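A short worksheet on the structure shown next.
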Amino acid sequence: MELVRVIPNAHDFAILSVAYNALHKELFSGSQDCLIKAWDAQTGQLLRKQSGHGGWITDLLFVPELRLLFSCSIDHTIRVWSDKGKQAQVVELDGPLFCLSWCKRKRWLLVGGKAQLHVYSVDMAAAARAAVQRRAPPGSEATTLPGGSPIFAAVTDDTNKVLHEAMPPLQGPQQCQSDIIRSVVCTDMGFIVTLSYDRAMFIYGEDHLATPKRVAKASAARFSALAWDKANNWLLTGAADGCVKVWSQEGRILDELMHTSDQAAALCYVPATKNYWVTGQHGNIQAFDPRAPGDVTPFIKATSNLQGGMHVTQLRQPPDSDVVIACTAKRQLMMWHYSPGAAFRTFTARQTWMEAVLVVQPVEGEPSVIYSACADGHVLRWELDADLNADSYRVGEEMPLHDSNVLAMVYSHDLEALITASQDTTIRVHWHNLRQHKTGMDSVQGIISSMEETGVRTIRLGATQRFKEAPAAADESVPGGTTRLAMVEEDPAVESGAPILDVVLSHEGRVTGLALLPDWTLASVSHDRTIRLWDLHTFKLMKTVKDAHETPLQGINYSSSKEEFVTWAMDNFAYVWDAVTLNTKYALVGHTAEVTQARWVEFKECWVTAGDDDTLRTWSPTGTQLHQFTYMGGSVQCLFVDNANSMVLAAMLDKVTRAYDLESKHPAIKYVGHEEVVRGIDYLPEKGLYITGSWDESLRLWYRVGHPNNTPRGPAAFDDLTEGNNIKDREGVRRQMQQLPPLEIPKALQDVKTDLVQLFLTNMASDEMGQRQDSPLVDLSGLGSQLGDLDRKLVKDLEAAAPAKSGTIRRGSKQGIPFSTMSRSQRRASRARHDSNQRPVGVRQMSI
């Protein structure tokens, strides 16, 4: 949920109620000033004031299927309004009213009063007539605001009554509470639940209103809020003592979430995220995941902007929408809406940049482990927080592996070890728990034995001392390749006798990429312009390719299906290599600026590259360019291929990560939220979540494209004007189109063939809806030939009127060619040369 609108000083007095029209994106607020105000949810502009009530407006309810707004007040009246502010009906009762609820199954309006529950049926025909009345009726007191917005005064029109009393009011204390009914909820299961200041809960069956179930003393303090969790069929209640409880729909208490203050709790269920939002101490919003239940506020605080000092007094989640509305003690209106491209969870640990992210599932069927590499040389191992049970992760281990930035990571399932590459020119093979990884232990014991033969000091298993500079064994056949065994201090969590051993490999420059090849082989690339292959049995250097590129290498990616890997450097091309022979097979040439990323795409069986020329390009397995996608967002900093869901994710310089299916030039979705550049992306398959690491020192989880929680549940609160997101308000576009003047046939075409008129109207309509596809032009009327004749006549007239010298174009010889005798292509070329000669030197022409 993203905070998208804050309206300050919405009323002169305290705001008591809010409602929302998702179709028109209008927000309604009712206050102690006896006014209803309608606001544009997208701009925050006041649209109109609706007067008529003579007392505090205690509740508002907008019913989408009726397109009507209902309001109740302590002035003993219920009022019905059209969605444009016309008052359609006034119902007068004998006492103050405090809450409203809509029963969709029975089409009832339920109204809570003092020790009374009123039930009204709705005349659907009258409601339809009331909904289409768009203007204030003649004779009403219609005035305007300073900006020209209308004020609709109270008008009573009893000719078309929308509300009819379905039954006599239910009276307390036998049929309802004996005090003020504070909240009413109608569930999807056919239950009606009411809460009152007398601390009692009443549960009604829709067909048995006269015989409710009474839960006496359901709370230690007066009730303040009620919500319905439709995913679990649970009730959520809040009380004045800050106690929030979860109930079954039969009235059995299931859990108690919080009891932290004497603040009257406001709450709501957020279906988009399946969380509970509750106001806690000082009116700040806390989020709870009902699966634990646990407080997940720290993980969504940054995304939802749940800052302190909000002083929220009311929370409302309008049905069939993806918005949450709050009113505060500062007379503010606040609105959040669900965005599929917003982060699901946010985690922070160390105050340092994230440089790489890696997801590893060490054992099939067990939860994945996340590794994040930091700019200070540390690597964090994140584990699923099983205690919280809310898709949250916590740091299980912090490993100081390098002296500076960790630039790349891979995990070897054969070794059961993490392999990292750093700016400090080293590659480190790290076993974080030798006691559990016998394969890794055997390998390390083998390398210890081989190093003893070369004069390396014997390291006794179980030792706890730290070797800062272990002797190096140089492979003389390949100059510069070194291998050494380093010992770091024992982890206190590991039993005595189980040390942490690291094998350290090195380059002469920063190591920028790693790839695991078959047969226990590791490939590494570096700024020293070399590609090196390492034997993971012996940790010795096998092969080196010197001067693989003419510039420092930036990365490497391996294709297991093709047994090839691609490398890229500070060039405008990438090389594809045979992983067995280390020979160059072909180059991916086509970018006009530096290639920043390259990957093999298994689901398309092609290579994909990104360049500083703002293009993504796909290449066949033979190096032929297939497609080119132009993007906006700056240089691609990280590229990730999700073969499981057929997506390619590109993190760009504008801090936005875009997901492409490589079928459309537009992204399927854009993930927005990081405050700095994203440097690492991976995928959590068991959760269906992407994980990103950024220079803003955070890890964030995002729903994949097609995830059940990645689909809006109602009309979008705001139009997304950027390309590619799949949350556009189609109904809003259609409504705007209907307001435009109808298409008319131009006078110049009224005498032309009917087929041409039809083609014109079809193309115009397609253009306006953004659906037109290019098609070959057809001259149905002969208009094209007439225009051609006019063009030739104009050229002849110009040549006759101008001097003879201006009628020729020099083409490298003294004898020119008359312009009138040139072909159409020759004329275009001549005009192009003329235009280029008129441009100042050093000015580059922009192509559109």
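What's counted below: heavy atoms across the whole structure, side chains too, no hydrogens, waters or symmetry copies. Position 1 is the first residue of the sequence; numbering continues from there. The structure presented is a predicted model; accordingly, all values stated were derived computationally and were not measured.
- With rounding to the nearest 0.5 angstrom, the CD atom of Q597 is 10.5 Å from the CG atom of L616.
- For the pair D654 and K670, the salt-bridge criterion is not met [side-chain N within less than 4.0 Å of a carboxylate O].
- Atom SG of residue C374 and atom CE of residue M354 lie 5.0 Å apart, to the nearest 0.5 angstrom.
- Ion pairing of R704 with D642 is absent here, as no side-chain N (NZ or NE/NH1/NH2) approaches a carboxylate O to less than 4.0 Å.
- Within 6.0 Å of atom CD in E563, 12 or fewer heavy atoms from other residues, nucleotides or ligands are found, so the atom counts as exposed in its surroundings.
- For D376 (side chain) and H378 (main-chain N/O), a donor-acceptor pair under 3.5 Å exists by modelled atom type.
- Ion pair D613/R617 flagged as a salt bridge, since at least one NZ, NE, NH1 or NH2 atom sits closer than 4.0 Å to an Asp/Glu carboxylate oxygen.
- Atom NZ of K604 has more than 12 neighbouring heavy atoms from other residues, nucleotides or ligands inside a 6.0 Å radius.
- Between R532 and E508 there is a salt bridge, with a side-chain nitrogen of the basic residue lying less than 4.0 Å from a carboxylate oxygen of the acidic one.
- Around CD of E676, the count of heavy atoms belonging to other residues, nucleotides or ligands within 6.0 Å exceeds 12.
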### Query
Given R345 and D391, is the salt bridge (Lys or Arg N to Asp or Glu O under 4.0 Å) satisfied, shown in steps?
CA-CA 8 Å; R345 293 282 189 268; D391 294 331; 5.3 Å; no
Under the side chain to side chain contact (heavy atoms under 4.5 Å, CB included) criterion, do H413 and L516 qualify, and how do the steps go?
CA-CA 10 Å; H413 288 274; L516 289 171; over 6 Å; no
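- Atom OG of residue S422 and atom NE2 of residue H402 lie 5.0 Å apart, to the nearest 0.5 angstrom.
- Looking only at side-chain heavy atoms (C-beta outward), K274 and P290 stay at 4.5 Å or farther from each other.
- Rounding to the nearest 0.5 angstrom, the gap separating the CG atom in L536 from the CG atom in L505 is 8.0 Å.
- Within the 4.5 Å cutoff, side-chain heavy atoms of Y660 are placed close to those of P667.
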